[in-house]
Amino acid sequence: MMAGFMNYFGGRRDPKTSSRDAIVTLRQQLQMIEKKEEYLQKKVDEEIKKAKANAVSNKAAATAALRRKKVTEQELERLQNTRFQLEMQVNTLESASFNAENMAAMKKAAGALKDIHGKLSIDKVDQTMSEIQEQTQLANEVSEAISSSTYVGVEVDDDELKQELAELEQEELNDRLMADHVPMHHPGGVNRVEDKRQAVEDDEEAQLKELQAALAM
């Protein structure tokens with residue numbers, strides 16, 4: 001409630017609220033000016049029509065209409081200049097408000113970064129990275145020691161390993177060779193069809209030979 005009294009009596013106001021209120025007021029004033037411009041433009045058009053209508057028959061009336069048109073045009077020009085100034089103020093206020101909001105957001109982000117980095121320092125980061133490297137190196141050394149001790153006391157003859165590998169290779173080649181010479185198995189139905197077809201071919205060949213013998217006689 002105290003803040004309301006301070007605002008009412010000209011106390012400190014929120015800049016964001018003040019800027020928004022000013023922009024609203026300026027836009028309302030611009031709307032009024034636009035309506036006034038429309039009215040004056042219609043008045044100018046009417047005076048031009050009157051001047052044209054009386055240009056031949058009543059030169060005095062035509063001259064008076066042109067004089068009124070000239071005065072109205074001057075007023076319209078002044079009003080347009082005022083509108084231009086108000087539009088410039090609106091643009092300036094909107095730009096300033098936008099910049100203020102950007103600065104507030106950037107300030108808030110800077111504060112957040114400061115809170116995050118408040119407990120950090122280059123020395124602490126370097127120390128942590130050094131500890132990580134030491135522990136990583138230690139883990140690698142332990143793994144190497146464990147793996148190297150696996151075959152401790154075991155004697156391995158490389159020539160014996162090569163001989164065993166050659167025997168396995170030869171055995172695999174023999175298995176593949178035997179697999180290539182295995183006769184294919186045909187179902188019984190397929191064999192019967194083949195036998196029947198062969199019998200028909202033999203019968204036809206026999207009949208052909210008998211016919212050739214008869215012709216030769």
Side-chain angles (χ1 to χ4, degrees), residues 1-49 65-154 156:
M1 184 174 182
M2 189 64 182
F5 280 114
M6 291 183 65
N7 291 338
Y8 181 79
F9 288 106
R12 186 173 61 85
R13 302 181 61 189
D14 182 13
K16 187 175 181 179
T17 302
S18 178
S19 176
R20 183 170 58 249
D21 293 342
I23 292 174
V24 171
T25 301
L26 287 173
R27 289 196 178 280
Q28 291 175 348
Q29 189 64 25
L30 283 171
Q31 291 178 354
M32 294 178 60
I33 290 177
E34 289 176 357
K35 292 180 180 179
K36 182 69 173 178
E37 286 178 341
E38 292 178 359
Y39 168 75
L40 292 177
Q41 187 60 50
K42 289 181 180 179
K43 190 174 180 181
V44 169
D45 295 338
E46 291 176 356
E47 296 300 336
I48 292 175
K49 290 181 180 179
L66 291 176
R67 187 177 292 110
R68 290 192 299 271
K69 179 185 78 68
K70 190 67 173 178
V71 173
T72 305
E73 286 177 343
Q74 293 176 357
E75 184 178 358
L76 181 60
E77 183 177 358
R78 288 194 297 270
L79 198 60
Q80 290 174 345
N81 292 334
T82 301
R83 177 170 58 82
F84 176 75
Q85 294 297 329
L86 292 179
E87 290 175 346
M88 289 293 295
Q89 289 183 353
V90 170
N91 292 335
T92 302
L93 281 172
E94 289 178 343
S95 179
S97 178
F98 181 72
N99 290 335
E101 292 178 357
N102 288 336
M103 288 301 300
M106 294 172 66
K107 185 177 181 180
K108 187 175 181 180
L113 289 173
K114 186 176 180 180
D115 293 338
I116 293 173
H117 295 153
K119 298 180 180 180
L120 293 178
S121 65
I122 298 299
D123 294 336
K124 291 182 178 180
V125 172
D126 291 340
Q127 181 180 357
T128 301
M129 295 304 298
S130 177
E131 292 175 355
I132 292 174
Q133 291 177 358
E134 290 178 0
Q135 295 302 319
T136 301
Q137 183 177 359
L138 178 59
N140 292 335
E141 292 176 355
V142 170
S143 298
E144 184 177 355
I146 293 174
S147 61
S148 62
S149 63
T150 302
Y151 297 101
V152 173
V154 179
V156 179

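Fair warning: this is a prediction, and the values are worked out from it, not measured in the lab.
Scanning all heavy atoms of the two residues, the minimum distance from Ser19 to Leu93 falls at OG-O, 3.9 Å.
Note: Gln127 CD to Lys124 NZ = 9.0 Å, rounded to the nearest 0.5 Å. Rounding to the nearest 0.5 angstrom, the gap separating the OG1 atom in Thr72 from the NZ atom in Lys70 is 11.5 Å. Note that CD of Glu47 is 10.0 Å distant from CD of Glu73, once rounded to the nearest 0.5 Å. Rounding to the nearest 0.5 Å places CG of Leu26 at 12.5 Å from CE of Met88. Rounding to the nearest 0.5 Å gives a distance of 11.0 Å between CD1 of Ile23 and CD of Gln89.
In this structure, Ile116 has no side-chain contact (heavy atoms from CB on, under 4.5 Å) partners at least two apart in sequence or on a different chain. Lys42 is linked by a side-chain contact (heavy atoms from CB on, under 4.5 Å) to nothing, counting only residues two or more places apart in sequence or in another chain. With sequence neighbours excluded, the residues satisfying side-chain contact (heavy atoms from CB on, under 4.5 Å) with Thr136 are Ile132, Asn140. Applying the side-chain contact (heavy atoms from CB on, under 4.5 Å) criterion to Glu77, with sequence neighbours excluded, gives Asn81.
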Ignoring hydrogens and angles, write down the donor-acceptor pairs under 3.5 Å from the side chains of residues 100-113, residues two or more places apart or on other chains.
unit_1	atom_1	unit_2	atom_2	d
Asn102	ND2	Phe98	O	3.4

Under 3.5 Å, which donor-acceptor pairs link side chains of residues 27-37 to any protein atom two or more places apart or in another chain?
unit_1	atom_1	unit_2	atom_2	d
Arg27	NH2	Glu94	OE2	2.4
Glu37	OE1	Arg83	NE	3.1
Glu37	OE2	Arg83	NE	2.8

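When the shell of 6.0 Å around CD of Gln137 is examined, it contains 12 or fewer heavy atoms from other residues, nucleotides or ligands.
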> Could you go step by step and tell me if Leu76 and Gln80 meet the side chain to side chain contact (heavy atoms under 4.5 Å, CB included) rule?
Replying inline: CA-CA 6 Å; Leu76 181 60; Gln80 290 174 345; 3.9 Å; yes
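Checking side-chain atoms of Thr25 against main-chain N and O of Asp21 turns up a donor-acceptor pair under 3.5 Å.
Between Glu134 and Leu138, the closest side-chain pair of non-hydrogen atoms is not below 4.5 Å.
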